[in-house]
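All heavy atoms count here, side chains included; hydrogens, waters and symmetry mates do not. Chain identifiers are assigned alphabetically (A, B, ...) following the order of the sequence lines, protein sequences preceding nucleic acid strands; residue numbering begins at 1 within each chain.
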Protein chains: 2
Amino acid sequence: MNKTIADIAELAGVAKSTVSRFLNGGSVSKATRQKIEQVIKEYHYVPNTFAQSLKARKTNIIGTVVPRLDSFATSQTLMGIDDELRNANFQMLISNTSQDMKREIEAIYDFARQKVSGIILLAAKISDAHLKAAEDTKIPILLVGQQHPNLYSLIHDDYNAGMTMGRHVYEQGHRQIAYLGVTEEDIAVGVQRKAGFKKSLENTPCQVRYYETSFKMTDAVNAAARILDEFTPSIIVCATDNIALGVMKAAYLKNIAIPSTLSVTGFGGYDVTEIIHPTLTTIRFFYKEAGKVAAHHMIRLVREEHIDKITKMSYELLERGSVDKRPNPSL
Amino acid sequence: MNKTIADIAELAGVAKSTVSRFLNGGSVSKATRQKIEQVIKEYHYVPNTFAQSLKARKTNIIGTVVPRLDSFATSQTLMGIDDELRNANFQMLISNTSQDMKREIEAIYDFARQKVSGIILLAAKISDAHLKAAEDTKIPILLVGQQHPNLYSLIHDDYNAGMTMGRHVYEQGHRQIAYLGVTEEDIAVGVQRKAGFKKSLENTPCQVRYYETSFKMTDAVNAAARILDEFTPSIIVCATDNIALGVMKAAYLKNIAIPSTLSVTGFGGYDVTEIIHPTLTTIRFFYKEAGKVAAHHMIRLVREEHIDKITKMSYELLERGSVDKRPNPSL
DNA sequence: CTGAAAGCGCTTACAG
DNA sequence: CTGAAAGCGCTTACAG
C-alpha cells in the first residue's frame, strides 16, 4: 500500500512532525534532511492531498464553470487558465454545464463543497441565483466574458469591437447592411457588441436592419436565407464567427457569390476562419490570453490582493477576403 | 463558518455517529431522522468531502488525461464522459497535457495522489513510462482512441474505416490517389487508418502515393501544395478532417476546383465539414458516444466488474460534396 | 436504534 | 533542530 508520513518517519528514524516540516520547507538539520529525502525517494512517498486539505481547510484548486466544452472560445480560455494556474501551483477543476443554468448554480455549490479557493465563471447571463450562490459560498468569483456590478469580471471589449467593425464596414463602402445578432439576454454578445456597431453607424446614410438567431451554425443558415429573401444587403455582419460560417453556407446554397455579391463578417477569430474560402474578415479576441489573465486575477483574489473590479481585454480587426470594397457607395 | 457534523449532532441533540449514519442511509428512528433533517436543512450543512475521502481512502473521481482541449474529438469525448459519470455520481477531473508526453505521465501520478478511482487516457502513443505509471499507481486505466495489449481500451474502428473510405474512393472511379496521413507513432490514425485504406486498394489498378504531415491545418496546406506540384491525383484522401480542410485551402490557393478537378476526403465528421463548401466527404466517428461508453466501462472497472479488454466503436461514411464521380476510370 | 472511541494522514503550536 | 500531542471532519466497528 501507499506509505504515510508515519511510515516515512519510522523508516527515517524521526518523528512525523519532522518529516512534515521537511516537506513544508521548515528547518531540518542536514543529516535528517538527507535521511528523509532518501526514504521518500526510495518508497515513492507522496503526501495524501485529502489529509493536507482537511488540515488546511482549503485547497489549491480553482473551479472553472463553463457552459460548454465544444467551443473555440471556451477551449482557448480554459487552456490559458490551466497554463497560468499550473505555473502558480494551483489546479484547475472544470465543470461543464451544457448550457443548463440550473447546473451552473449547482456547480458553484459543488465547488464549495470541495473547498475550491476560487471560481472562474464563464456564463452568458448572471441571475439572482448566481449572486446568491456567490454570497452563500463566500468563495471569490471571477466572471469571464460577461460583467456584473456585484462581481469581479474580465471582459472582451465587445462594445468597441462592435464599433471597429461598424467603421470598417462603412469605410469599405457598404450602405445596405444586415446585422445578424443573438439574444439580448447575453449582455456581452447580444447587447454590447451590437450597441457598439450601431453607434458607429449613427448619422450615416446606412440602412441597417437587425436580425436575431442562435449561436448554432445551422440556425444561422436558415436565418440568413430568410434575410436574403426579404432584403438585399451588400453585407451581413454576424455577431459570431459560427454565425458567419452559417451565412456563408446559406449564400453558397443560393449561389450568391462572396464577397462580390454579398460580403460577410464575424467576431471571434476562430482558427477555421483563416482556412475557409474566402477567408473571413472578423474581430479577433484574445481568449487564451484572457484565460491567463483570469487565472492571474483569481490567484490575487485568493491571496486577498487588490484587482480592478473590471478588466477589459483588447481585440484586433482581421481584414480578410470576405468583405468586398464598394468603391462608389451611393450616398 | 461552515458547520461540521459535530455541530449538527449537537444542534440535533444526538451523537455524531448518528448523524453520519443518517447521512449514509443507516437505520435511524423516525423522530431522530426528522430532527436531523431539519437541522441540516436549516444550516445548509454539507459534508466535507476531504474528511470523507480521507476515511474512505478513495474518491468518486475519475481522472481524464487529454492531449489538448481545442479539438473536436476531445471535446466531444469529454462531454460524453462527463454526462455518463455525472449520472453515476462520479466526478470527472480533466488534466490537459498540451501534447507534452512528460506531462501525461505526471498527470497519472498526480491523479494517483488525489486518489482518483480510475483514469481515462486519451493518448496518441503509449510508452513504457505509461505502463510503469499504470503499475506504480495500481489505478485502473482505460485507453480511449488507442490500444495496447497491457491495458483496457476503447477504440474507433480505424482499420475498417480506412477500408470503407478506400472502397468508396475506388467505386467513385478514382485511380490516381494521394493519401495524406500522419506519423506512424500514432497507431490508430497513423497506422490502422492507413493500413485499412491500403488493404482496400490491393489488387486494383490504382496508383496510390503516400504522404505525411502533422495534425495542423497549416502544415496540411503546405503538404498539399507539395503533393500537387509533383503529382496529379484525382483525389487526396486525408487522415483527418483538419488535414482535409488544409488541403481544400491549398486547392483554392492554386485555383484548383473541388471536386471537379480534385476530390478530397477526411476522417472525423467534425461539425464544420458540413458547413464548408463543398461539404466534405468523410468518415464520422462517434466521439461523444465513445465518451459515454468509456465512462461506463471505467465505472465497471472501478467496481471490479468484467469488461472486454478491447471495445470497438462503429463509424459511418458521410458521402458529401467533395468527391467527384469519375464515370470512366481508365482501367 | 444510539453513542463513545478510535482512526484516516496530515500540520501546527508548544516544549525542550 | 526535534518530538509528543492535539485536532482537521468524517466513518466504522463495537457495545449497549
Side-chain angles (χ1 to χ4, degrees), chain A residues 1-40 43-61 89 91 110 112-117 137, chain B residues 1-40 43-61 89 91 109-117 137:
Chain A
M1 259 336 286
N2 281 326
K3 297 286 174 217
T4 72
I5 198 170
D7 300 327
I8 302 302
E10 194 180 337
L11 288 161
V14 298
K16 289 192 300 175
S17 34
T18 305
V19 178
S20 176
R21 221 176 300 114
F22 165 81
L23 254 19
N24 295 291
S27 50
V28 182
S29 75
K30 195 171 171 200
T32 322
R33 186 202 329 279
Q34 288 177 335
K35 185 64 191 151
I36 296 177
E37 237 161 15
Q38 187 233 307
V39 176
I40 285 182
Y43 292 92
H44 294 105
Y45 169 72
V46 281
N48 179 315
T49 38
F50 296 120
Q52 290 179 315
S53 301
L54 180 57
K55 273 305 287 185
R57 294 154 125 227
K58 65 178 184 103
T59 61
N60 281 315
I61 301 174
N89 274 314
Q91 203 197 352
D110 279 352
R113 282 191 59 177
Q114 299 182 66
K115 304 279 182 281
V116 302
S117 299
T137 60
Chain B
M1 258 339 283
N2 282 325
K3 298 285 174 215
T4 71
I5 199 170
D7 300 326
I8 301 302
E10 194 181 339
L11 287 160
V14 298
K16 289 193 300 175
S17 34
T18 306
V19 178
S20 176
R21 221 175 300 117
F22 165 81
L23 255 18
N24 296 291
S27 49
V28 181
S29 75
K30 197 174 170 199
T32 322
R33 186 202 329 280
Q34 288 176 337
K35 186 65 191 149
I36 296 178
E37 239 161 16
Q38 188 233 307
V39 175
I40 286 182
Y43 293 91
H44 294 106
Y45 169 72
V46 281
N48 180 315
T49 38
F50 297 120
Q52 291 179 315
S53 302
L54 179 57
K55 273 304 288 187
R57 295 153 127 229
K58 65 175 183 108
T59 61
N60 281 315
I61 301 173
N89 275 312
Q91 203 196 351
Y109 287 104
D110 279 351
F111 277 150
R113 283 191 57 178
Q114 299 182 64
K115 304 281 183 283
V116 301
S117 299
T137 61

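Across all strands, A/Ser17 comes closer than 4.0 Å to base atoms (heavy-atom distances).
Of the possible donor and acceptor atoms, none in the side chain of A/Asn24 sits under 3.5 Å from a partner among the backbone N and O of A/Gly26. A donor-acceptor distance shorter than 3.5 angstrom exists from the side chain of B/Ser53 to the backbone of B/Thr49, with no hydrogens or angles considered. Of the possible donor and acceptor atoms, none in the side chain of B/Thr137 sits under 3.5 Å from a partner among the backbone N and O of B/Tyr109.
In terms of position along DNA chain C, the nucleotide closest to B/Thr18 lies nearer the 5' end than the nucleotide closest to the other residue of the pair B/Thr18 and A/Lys16. Closest-nucleotide positions on DNA chain C for B/Ala15 and B/Lys55 were compared, and the one nearer the 5' end corresponds to B/Ala15.
Only B/Arg21, B/Ser27, B/Val28, B/Ser29, B/Thr32, listed by number, bring a heavy atom of residues 20-33 of chain B to less than 4.0 angstrom from any atom of DNA chain C.
Between B/Val19 and B/Val39, the closest side-chain pair of non-hydrogen atoms is not below 4.5 Å. Between A/Thr59 and A/Gln91 the shortest side-chain heavy-atom distance does not fall below 4.5 Å.
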Using Watson-Crick and G-U wobble pairs with both distances under 3.5 Å, what is the 5'-to-3' dot-bracket string of DNA chain D, with [ ] for crossing pairs and | for pairs outside the strand? |||.||||||||.|||
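Interatomic distance, A/Ile8 CD1 to A/Thr18 OG1, rounded to the nearest 0.5 Å: 13.5 Å. Note that the CG atom of A/Leu11 and the OH atom of A/Tyr43 stand 4.5 Å from one another [nearest 0.5 Å].
Closest heavy-atom contact between B/Pro47 and B/Gln52: CB-NE2, 3.5 Å. Closest of all the heavy-atom pairs between A/Phe22 and A/Arg33 is CE1-CG, 3.4 Å. A/Leu54 and B/Leu54 get closest at one heavy-atom pair: CD2-CD2, 3.4 Å.
Nucleotides of DNA chain C with any atom under 4.0 Å from a heavy atom of chain A span, from 5' to 3', C/dG9 to C/dT12.
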